[in-house]
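Position 1 is the first residue of the sequence, and the numbers go up from there.
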Amino acid sequence: MSMVSYAAGTRFLSLIGGVIMSFYDWYADLPIASPQVWGEQTDVPESADWFNSTYIIDWGTNIPQTRTPDAHFLSEVRYRGTKVVAISPDYAEYVKFADLWLHPKPGTDGALALAMAHVIAKEFHVDRQAKYFTEYLKKYTDAPFLVILEQQNGRVISGRFLRASDIIENVINGEWKLVVYDTLKGRFVIPNGSIGFRWSDEKKWNLKLQDSLTGENIEPALTFLGIEDQRMMISLTRLDEKGFIEREIPVKLVKLANGKQIYVTTVFDLLLANLGVRRGDLKGYPTSYDDDKPYTPAWQEKITGVPRDLVIQVAREFAKNAEDTNGKSMILVGAGVNHWFNSDLIYRAIITILMLIGAIGVNGGGWAHYVGQEKVRPFEGWQTIAFARDWMLATRFQNTTTWIYIHSDQWKYDSLTLDKLTPNNTLYKHPADYIVLAVKRGWTPFYPQFDKNPLNLSPENAIDKISSGEVKFAITDPDNPINFPRIFFIWRANLLFSSGKGSEYILKHLLGTHNSVSNTEDAKDKVTEITWRETTPIGKLDLIVDLNFRMDSSALYSDIVLPAATWYEKYDISSTDMHTFVHPFQPATDPSWEARNDWDIFVNLAKKFSEMASRYLNGKHKDVVYLPLSHDTPDEISQSLIEEELDPPYISAHLASKIIPKRNFGNLIVIERDYTKVYEMMISLGHLIRDKELLYVGIPVNYRKEYEELKEELGEIDDRPDIKEAKKVAEVILRLSGATNGEVSVKEYKQLEVKTSLNFSDLYKGISEIKIKFDDIIASPKRVIDSPIESGIVKGERIYNPFTFNIEYEVPWRTLSGRQHFYLDHPIIRELGEQLPIYAPPLEYNKVIKDKDTLVLRYLTPHGKWQIHSTFMDNLRMLTLFRGGPVIWLNEEDARSVGIKDNEWVEVFNENGATVVRAVVSNRIPRGTAIMYHAQERTVYINESRLRGIIGGSHNAVTMVNIKPTWLIGGYAQLSYALNYYGAVGTQRDTIVAVRRWRT
C-alpha cells in the first residue's frame, strides 16, 4: 500500500465527515476466519520463513505467479529436504514446485481439510496423545473451555460459552470471562486471559494457567470422557446434505449461581464429535476411515475426488512432522480458497488442522495467507494521518460490500435466501434484513446513516427522534432519493470493473448507464425490514471523481478525472507482508503536465473546500455521527448477548422501546466541525495526539514528545507540525509508529506490561534510540523493530512469523477467550449451525440453462501474472505476450463438446450480465470449470454481446454480491467491526456461467 496516497483522500473525507469505504474485505482479500479465530485482521509470515519450514502445503495461492520475487524460497527449501504438497483443482503454475499434487473439485477444499483434521485428531489426539499437541491445545486454544448444551426443537445443540457470571455473582466483567474444569481440584474455575480481563484493571490478561480468583495453578480438562456425569446425543448441523448428525458426547452437570443445574461439555469434545472421531463406545461415529460419514477420508472422496489414501498420507505426514519439529508444518493459502462464499468455513477447517498440531505461532509453521498487500507496518502513524485521529476520534467507516449490495440494488435481485444456507430455523429469510439488524444494533456501519441530514439533527433529542420513528435509518429505505449516495471519489482503485462485483448492477442503478443485466427482482416477498419500492431507481450518483494516471474503465465512466502522479513521480512509503522492511517512494521525475501526487490533489481540494465553506457553511456545525461498536476498544464488550431476550428468536431489528447507546444500539457521537478550517487541519498535525492517549489495537499511546520533535524538524503551522507536503507526511507516519520509532515501541510495551503483568524488557531493551526516518530508508533498506502492535518477533534478525509473541510471552489473542478459537458462539453463528467448522458446498443459484450449444461452468477469476489487477493488462507490450485482449480458459473436452475452438470468440453470460472474449482451450483446466484471470480491462479487444445487444462487460459482468449473515455481526469480542477487519466480503467464485460460441 502506498500509505500517503491512501491517507490523502481518507484524511480529507474524515475532516469533512465523509464516508471512507473499505477495500480489503471488498476485494475478498480479507480472510474473515482470521478475525474469527484470532481477533487479528491478517498476520502472516514473511516469505523468508518458508525456508524454516520442514513440510509445506501450498493450498490455493499461486506463489510463482502472484508472488514472483518470493517464489525462490519455495523452491530452495526443497533442497533442505522439505516436502511440498500442492492443492489446486487445475494444473496451476505452483503445482510444478510440489512433490505431490492433490486436485479437489473447485470449492470443495473444506471437505478435504476436515477429513485431514479427522485423521490428525484420531491418530494424534485419540489413539495416542502427542504431548506437544495436547499441551498446546490446553494453553493456547479454546479447546478446554466449557459450552452450555441447550434443547431446541427436540434436539440437544451446543449453545454459548459458560461464563463466570453464570456460576459466580459479582465478578468484574463476568459475562466476558469463560470457564474451564480444573482436573487438579476437580472444580470449575475462571482462568486468566479472557476478554473481560482485557477491559478491567485486574492485570490478569495473560495466558498463565491460573485460577484468576485464587492465583493457583490449574490443569484444564480437554475432555470429560472418563470423568463425565452423563452422556448425551448432540445434533450437529450438516450442510452437504441439509440436516443434522447425531453423535454422543460426555457431559458434566454444573450448578449455576441462580441454583439451576445445566449440562456443559468442552470445546474439544464438541470438536471430536463434529469431526466424527470415535472414542470408546460413544455412539453415532464412523467406524473407520472407509465409513462414508462426515468427516472421514472416504466421505470427502465422493465430494472432492481426492483419493482417501492420499488424504490419510498427507494428514499423517503433516502432523508427524509437526510433532517431530514442535510445529514446523506450514500451509500457504490464498485467493484460490478465500474467494468462495463459504471461505470462512474453509479457512477455519484449514486453521483447525494447524491448531491441532501446534503450528500457529512457530517459526517455519502456521498459516501463510497471501492475497493482496494488506500489511501496514508503521500502523499507528498511518492510522493517525489517514483518519485524522490527530483532530477527531469519530470517522465514518463503511464496509464497501454491503454499501454496493444495497445502493446498487443487488439486494432486490438476490435469490440466495437463508433456507439455501442452513437447515436451521432463521430469524430472517433474506440477507438484506440481517444488514438492517446489524446496522440498528451497531454491529456494522451503513451510510447515509439516517433519512435526515446529520448536521440538522439536534444532538440533545436525536435518540428520542430515532426511538419515535421521526428519524429513520437510511438502510430501511435505500431507494428513497433522500437516502441516495450522491458524490463518489475513486483513487488508487479501478472500482467499477476491476473490483466491481456485480458491475452491471453498478452501471444500471448507481451510474444509470447502459448495462447487460437480465435478472428479475425476486426479493419482494422475502424482505421484511426494508421498504420495497416498485420502481427501482436508475442512476443514483450525481458525480464521480477519479484520480488516475491512466484511462482505465472507471476513469472512462467518471465525470471528472484528475491526473495523478505514478509511483515514480511522488514521495510515499509502503510495506508488505512478504518482508519486514519499509519501502520509500521518491520521484525520479516530476509529474507530467497537470498531474499531481494524491496528497497535493486533496490538499488543494481541501483549500478550495474551506474557501467555499466560508460562503456556504460558515461557523461551527454539530455533526451527529452514528458508529458501530469497534474492535480493540471497550465497546467490544458493551453488548451482552447472553441475556435471554437477546438470543434468537428474540433478537430482531426492531429498536428497543428505550435506546441505550452501545447497549442495544450503536455509538452516537457529536463532532463539532468548522468547515472553514478543513484546509488548516489537512496540512497540520492536530493537538489531540499531544494532549490525549489514543488507543492502537487497544494499547494507549501519547505522543507529546514526538509532537514537539516533529514541530522542530518539519516546521510549524500555528504551533502545529507542518504536513503540507507528502514527504513530511511520510516522516510523521514513521515517527508515530512503534515499528519505526523505538521510543514509541517502548511506551507501548510498558503499557501492555501493566495490563498483562508480564515482562517484555528483553524485547524492548536497547531499541529506544532507533528512529527510522524517511532519508534513512532512501539511503539503505531498514528493517522494522519489534512492537506489541505486531504479533510476531524480529529481534536478533529473527524471521517474522505471526503469534510468536503470544506463544512465547503468554500474551492473549484479542478474542473472547484470549485464545485461538475453534468454537464461535454468537447467536447468528449458532443460528446457521457454524459454531465449529463444517463443510458447506459451493453455491449454485445462478439462472443458467444448459443446451446442446451451451456449456454451464463454474466461473473462477484467479489473479493473473501479467498485470497488477487491471494495471498493465492493457499495456501494448503485455498484450503482445498473449492473445492481445481478454480471454477465458476452457477445458479442451468441454470446448469440443459445443464446437468451440481455440482463439474463437465466445459469449459468457448469466442473469447478471455478459462478456465476449477469446477462448483459450487447454487440458490444464478441469472439466466443468472456466477461468478468466483477474482483472482484464474492457477497454481493449472486447466484442459485442449478441444476447444483450451491447459491448460485453468486464470479468465482473457475470458476478453478483452475496451476503452471509455471519459477516455482519459485531459488538462481540473479536467479532466486532473495524475498517478492513470484519465485515461482509466481496466473494465471487460461486458464480455459474453459460458459455457458447459467439454468433455473428
Side-chain angles (χ1 to χ4, degrees), residues 44-104 108-109 112-113 115-117 119-120 297 304-307 309-338 346-347 349-354 356-360 362-371 577-579 799-802 862-863 865 924 926:
V44 298
E46 56 180 308
S47 56
D49 202 42
W50 307 345
F51 199 73
N52 292 322
S53 182
T54 49
Y55 200 119
I56 293 176
I57 299 176
D58 189 336
W59 202 325
T61 181
N62 202 344
I63 294 296
Q65 181 155 304
T66 61
R67 294 291 184 271
T68 306
D70 305 278
H72 66 95
F73 288 118
L74 189 58
S75 60
E76 290 162 0
V77 72
R78 298 179 68 198
Y79 291 100
R80 300 182 62 223
T82 295
K83 185 166 186 175
V84 176
V85 175
I87 300 178
S88 172
D90 66 309
Y91 192 81
E93 192 171 353
Y94 67 94
V95 173
K96 67 186 180 185
F97 284 78
D99 300 287
L100 185 64
W101 174 33
L102 308 184
H103 41 95
T108 64
D109 305 83
L112 176 59
M116 291 174 64
V119 173
I120 292 168
T304 69
V306 177
D309 291 343
L310 285 180
V311 173
I312 297 167
Q313 174 193 336
V314 173
R316 186 177 290 154
E317 291 175 352
F318 195 65
K320 188 64 172 72
N321 177 77
E323 183 182 23
D324 293 342
T325 62
N326 281 2
K328 291 186 181 297
S329 292
M330 182 180 288
I331 297 179
L332 314 181
V333 283
V337 177
N338 197 52
I346 301 172
Y347 262 52
I350 292 172
I351 294 167
T352 293
I353 294 171
L354 295 166
L356 284 172
I357 63 173
I360 304 294
V362 176
N363 275 106
W367 86 319
H369 163 89
Y370 301 114
V371 188
D577 47 11
M578 306 307 292
H579 58 73
I799 302 300
Y800 187 92
N801 186 295
H863 288 165
K865 186 176 181 65
R924 63 168 281 260

Among all residues two or more places apart in sequence or in another chain, which pass the ring pair (Phe, Tyr, Trp, His ring centres under 6.0 Å) test with [X]?
X    : answer
H579 : F581, H583
W50  : Y370
Y94  : none

Heavy atoms, side chains only, cut-off 4.5 Å: are [X] and [Y] in contact?
X    : Y    : value
P297 : V119 : yes
L112 : W59  : yes
P45  : P802 : yes
V333 : N338 : no

Say you draw a straight line from [atom1] of [X] to [atom2] of [Y]; how long is it, rounded to the nearest 0.5 Å?
X    : Y    : atom1 : atom2 : value
E93  : S88  : CD    : OG    : 11.5 Å
N801 : E46  : CG    : CD    : 9.0 Å
I346 : T108 : CD1   : OG1   : 8.5 Å
R80  : N52  : CZ    : CG    : 6.5 Å
L332 : R67  : CG    : CZ    : 11.0 Å
I357 : I331 : CD1   : CD1   : 7.0 Å

Which residues satisfy the salt bridge (charged side-chain N to carboxylate O under 4.0 Å, His left out) test with [X], sequence neighbours excluded?
X    : result
E323 : R128
D309 : none
K320 : D324
D90  : R924

Give the minimum heavy-atom separation between [X] and [Y], together with the two atoms involved.
X    : Y    : result
I360 : G366 : CD1-CA, 3.9 Å
A71  : P64  : CB-CA, 3.8 Å
P104 : D109 : CG-OD2, 4.1 Å
V85  : A98  : C-CB, 4.2 Å
I120 : A315 : CG1-O, 3.7 Å
V306 : L310 : CG1-CB, 4.5 Å

_Can you classify the ring geometry of W101 versus H103 as parallel (below 30°), tilted (30 to 60°) or perpendicular (above 60°)?_
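Taking H103 first and then W101, their aromatic rings sit tilted (interplane angle of 30° to 60°).
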
Sequence-distant partners of [X], side chain to side chain donor-acceptor pair (under 3.5 Å), two or more places apart:
X    : answer
T54  : N321
S75  : none
E317 : Y55, K83, Q313

*Just grab all the salt bridge (Lys or Arg N to Asp or Glu O under 4.0 Å) pairs involving residues 70-79, residues at least two apart or on different chains.*
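For residues 70-79, and leaving out neighbouring residues, the salt bridge (Lys or Arg N to Asp or Glu O under 4.0 Å) pairs sorted by first residue read R78-D99.
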
*Quick one: ring-ring contact (aromatic ring centres under 6.0 Å, His included) pairs with a partner in residues 62-87, sequence neighbours left out?*
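Non-adjacent pairs meeting ring-ring contact (aromatic ring centres under 6.0 Å, His included): zero.
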
*Might you work through the side chain to side chain contact (heavy atoms under 4.5 Å, CB included) test for I56 and L74, ending with a clear yes or no?*
CA-CA 9 Å; I56 293 176; L74 189 58; 4.1 Å; yes

*Step-by-step side chain to side chain contact (heavy atoms under 4.5 Å, CB included) determination, I87 to V314*: CA-CA 11 Å; I87 300 178; V314 173; over 6 Å; no

_Before you tell me yes or no, could you show the steps for F318 and I57 under side chain to side chain contact (heavy atoms under 4.5 Å, CB included), namely the whole-Å CA-CA distance, both residues' side-chain angles and the distance that decides it to 0.1 Å?_
CA-CA 9 Å; F318 195 65; I57 299 176; 3.8 Å; yes

*Given side-chain hydrogen bond (donor to acceptor under 3.5 Å, both in side chains), test N363 with D49 step by step and report yes or no.*
CA-CA 7 Å; N363 275 106; D49 202 42; 3.1 Å; yes

